[in-house]
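As structure tokens, the structure follows; a few thoughts come after it.
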Amino acid sequence: MARALGRPALAQTERLRGAIAETGRVAVNATNPLTMESYQFKGDVIEIAEPDEAARQVADQRVAQFTEAISRVGFVQGTAAGVAHPGAG
């Protein structure tokens with residue numbers, strides 16, 4: 001079942017997709033909130049596609065893991081969802 005995005009998240013998604021389509025470039029930062037180990041990836045966009053159900057499930061698992069981790073460093077569990085899904089929580 002697809003996750004419903006609120007208006008702020010949907011607007012943010014559309015702005016991001018537009019910027020990626022315009023520039024053809026993307027940069028992604030990944031940081032472990034417990035160790036502060038960070039990685040940044042930059043590159044050319046090959047394709048923008050809607051995720052299938054398996055990809056959505058993986059994303060939901062990662063968001064759950066992330067929100068659990070940041071709750072260990074002081075974020076309130078209920079409000080932490082808004083960090084990964086703006087407009088949620």
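Through side-chain heavy atoms spaced under 4.5 Å, either directly or across other Ile, Leu, Val, Met, Phe, Trp or Tyr residues, Val58 is tied to no other residue. Applying the under-4.5 Å side-chain rule to Ile, Leu, Val, Met, Phe, Trp and Tyr, the cluster around Val45 extends to Leu16, Ile20, Val26, Val28, Ile48. Tyr39 forms part of a hydrophobic cluster together with Phe41, judged by ILVMFWY side-chain heavy-atom separations under 4.5 Å.
Annotation for Leu34: atom CG counts as buried by contact number, over 12 foreign heavy atoms lying within 6.0 Å.
Every residue was checked against the side chain to side chain donor-acceptor pair (under 3.5 Å) condition with Gln61, not counting sequence neighbours, and none meets it. Considering only residues two or more places apart in sequence or on other chains, Arg62 meets the salt bridge (charged side-chain N to carboxylate O under 4.0 Å, His left out) condition with none of them. Take Ser38 and apply the side chain to side chain donor-acceptor pair (under 3.5 Å) test, not counting sequence neighbours, and it matches Thr31. Residues passing the side chain to side chain contact (heavy atoms under 4.5 Å, CB included) test with Ala19: none are found, sequence neighbours excluded.
Residue pairs meeting the salt bridge (charged side-chain N to carboxylate O under 4.0 Å, His left out) criterion with at least one partner in residues 30-39, sequence neighbours excluded, are absent. Listed by first then second residue, pairs satisfying salt bridge (charged side-chain N to carboxylate O under 4.0 Å, His left out) with a partner in residues 18-35 read Arg25-Asp44, not counting sequence neighbours.
Considering every non-hydrogen atom in both Pro33 and Val73, the closest pair reads O-CG1, 3.9 Å.
A salt bridge is defined here as a Lys NZ or Arg NE, NH1 or NH2 lying under 4.0 Å from an Asp or Glu carboxylate O, and Arg17 with Glu47 fails to meet this definition.
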